[in-house]
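Working notes for the structure below.
So you know, we letter chains A, B, ... as the sequences are listed, proteins then strands, and number each from 1.
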There are 2 protein chains.
Amino acid sequence: MARAATTTDAFNAVAEPRRRQIIDVLAGGECPVNDLVDALGLAQPQVSKHLRVLREVGAVDVRNDGRQRLYRLNGHALKPIHDWVKQYERTWSERFEALDDVLEELTEEEN
Amino acid sequence: MARAATTTDAFNAVAEPRRRQIIDVLAGGECPVNDLVDALGLAQPQVSKHLRVLREVGAVDVRNDGRQRLYRLNGHALKPIHDWVKQYERTWSERFEALDDVLEELTEEEN
DNA sequence: TTGACACATACCCATATGGGAATATGATTG
DNA sequence: CAATCATATTCCCATATGGGTATGTGTCAA
C-alpha cells in the first residue's frame with residue numbers, strides 16, 4: 001500500500017505546509033483564490049489543487065461571487081487534530097509539570 | 001516535487017494513523033518493539049520502520065536493554081502541531097464562541 | 001559454538017504526490 | 001458574439017511511501 005491520500009483526513013491534508021499557509025491566510029477572513037495566489041507566491045493551479053484537498057476534508061467552504069470563488073475557513077475540521085494532540089500537552093507544558101509536582105507531593109503526604 | 005518526506009516534521013510523521021497509534025501506546029509508558037507489534041497487530045518490520053520515522057522527527061527516544069530496545073514517547077515533538085492547531089480552537093469551541101459574544105457586547109456598549 | 005530471540009535493514013512494487021505547463025470552464029464586459 | 005478575467009482540470013514526471021518478504025545484526029542461553 002502507498003501513503004494514505006492527502007484527502008483521507010485533516011491530518012494528511014494539513015501535513016503539507018502550503019495548505020497550512022492557506023488556512024492561516026483564510027483565518028483572516030473569506031478570500032478569493034487570487035489573493036491566496038499572491039499571499040503564497042505560488043502558481044494559481046497549485047493553489048486551486050491545494051484548495052481542492054482542503055475542501056475534500058472539509059477544512060474550507062466555497063461560495064460563488066461573480067467570477068470569483070470565495071473560500072472560507074471551516075476550522076471545525078481541525079478539531080480531531082487538536083483533540084488528539086491535546087492529550088500530549090502535559091509532556092511539554094510547564095503548567096502541567098507543575099501540576100504533576102503538586103499531585104506527587106499530595107500523594108507523598110498521604111503516605 | 002513529490003510529497004514531503006514523512007520524516008520532514010511531526011506533521012508529516014503523525015499523518016500516518018499507525019504512527020499515532022504507536023504514540024498512543026507509548027503514552028502508557030516505555031515499551032519494547034514486540035509489545036507494539038502485538039498492540040498494533042502489524043508485522044514487526046513495519047513497526048520498526050514506523051519507529052524509525054518517529055525517531056527521526058524526535059517523537060520517540062530509544063534505549064537498549066539487553067536484546068530489547070525500549071522506546072519512550074517524547075511528546076515535546078508534538079508541540080508545533082499543538083501550537084498551530086490551537087489557534088483555531090475558537091472556531092469550534094463553544095467557550096470561545098461565548099467569549100466572542102461577550103467581547104462583541106462590550107464593543108457595542110462602548111459605542 | 002550453536003540456537004533462539006529481538007530488532008533493524010534491504011529489496012520489490014503499486015500508488016499518490018506536488019509542481020510545471022497547457023488547456024478547459026464559467027462569468028463578465030464590450 | 002468575442003475577448004477577458006478568475007478559477008478548475010488535465011497531463012507529465014521524479015519521488016517517497018507503506019506493506020510484504022527476506023535477510024542482517026546483536027544479545028542471551030545452553
Side-chain angles (χ1 to χ4, degrees), chain A residues 1-26 29-73, chain B residues 1-23 25-26 29-57 59-73:
Chain A
M1 205 188 287
R3 202 164 167 182
T6 54
T7 53
T8 302
D9 53 32
F11 284 95
N12 280 279
V14 153
E16 165 66 31
R18 305 299 200 159
R19 287 194 284 265
R20 288 201 299 279
Q21 261 188 282
I22 290 179
I23 289 177
D24 291 340
V25 174
L26 290 181
E30 202 178 38
C31 120
V33 178
N34 261 336
D35 285 16
L36 293 168
V37 170
D38 293 343
L40 300 203
L42 200 60
Q44 175 266 315
Q46 287 28 295
V47 173
S48 280
K49 280 187 276 189
H50 284 312
L51 284 169
R52 185 167 165 69
V53 173
L54 291 174
R55 248 186 308 157
E56 290 196 29
V57 300
V60 301
D61 294 322
V62 216
R63 151 174 104 81
N64 289 346
D65 177 44
R67 47 177 111 177
Q68 314 197 105
R69 310 202 72 197
L70 299 179
Y71 280 84
R72 177 193 336 197
L73 178 61
Chain B
M1 209 187 284
R3 204 163 167 183
T6 54
T7 52
T8 301
D9 53 34
F11 284 96
N12 280 279
V14 151
E16 166 66 31
R18 305 297 199 161
R19 286 194 284 265
R20 288 200 300 279
Q21 260 188 283
I22 289 178
I23 289 176
V25 174
L26 290 182
E30 204 178 35
C31 123
V33 178
N34 261 337
D35 284 14
L36 293 169
V37 170
D38 293 343
L40 302 203
L42 200 60
Q44 175 266 313
Q46 288 30 294
V47 173
S48 280
K49 281 187 276 187
H50 285 311
L51 284 169
R52 183 166 165 72
V53 174
L54 291 174
R55 247 186 307 155
E56 290 198 27
V57 300
V60 301
D61 294 321
V62 216
R63 153 173 103 82
N64 290 346
D65 177 44
R67 45 176 115 175
Q68 312 198 108
R69 309 201 73 196
L70 299 179
Y71 281 82
R72 179 197 330 205
L73 178 61

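- Distance CZ/B:Arg69 to SG/B:Cys31: 13.5 Å, rounded to 0.5 Å.
- The CZ atom of B:Arg18 sits 13.5 Å away from the CG atom of B:Leu54 when rounded to the nearest 0.5 Å.
- B:Arg63 is not listed as a side-chain neighbour of B:Tyr71, based on a closest heavy-atom distance of 4.5 Å or more.
- Atoms CD1 (A:Ile22) and P (D:dA8) sit 11 Å apart, rounded to a whole Å.
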*Starting at the 5' end of nucleotides 25-30 of chain D, put B wherever the base has a protein heavy atom under 4.0 Å, S where only the sugar-phosphate does, and a dash everywhere else.*
--BB--

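- For the atom pair OG1 (B:Thr6) and CD (B:Glu56), the distance works out to 7.5 Å, reported to the nearest 0.5 Å.
- Per the geometry, CG belonging to A:Leu70 stands 13 Å off P belonging to D:dA6, to the nearest Å.
- Side-chain contact annotation: A:Asn12 with B:Arg3, donor-acceptor N/O pair under 3.5 Å present.
- Distance CG (A:Asp38) to P (D:dC5): 15 Å, rounded to an integer number of Å.
- Checked against side-chain contact (heavy atoms from CB on, under 4.5 Å), A:Asp65 has the following partners two or more places apart in sequence or in another chain: A:Gln68, A:Leu70.
- Rounded to a whole Å, the CG atom of A:Asn34 is 15 Å from the C1' atom of C:dT28.
- Salt bridge annotation for A:Arg20-A:Glu16: absent, with no cationic side-chain nitrogen under 4.0 angstrom from a carboxylate oxygen.
- Remark: the A:His50 side chain and the A:Arg19 side chain contain an N/O donor-acceptor pair separated by less than 3.5 Å.
- Atom pair A:Leu42:CG and C:dA21:P shows a separation of 12 Å (rounding to whole Å applied).
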*Reading nucleotides 8-17 of chain C from the 5' end, what letters show protein touch, with B for base, S for backbone sugar-phosphate only, - for no heavy atom under 4.0 Å?*
BBBB---BSB

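- Heavy-atom nearest nucleotides on DNA chain C were determined for A:Asn12 and for B:Asp35, and the one closer to the 5' end corresponds to B:Asp35.
- B:Gln68 has its CD atom 10 Å from the C1' atom of C:dC5, to the nearest Å.
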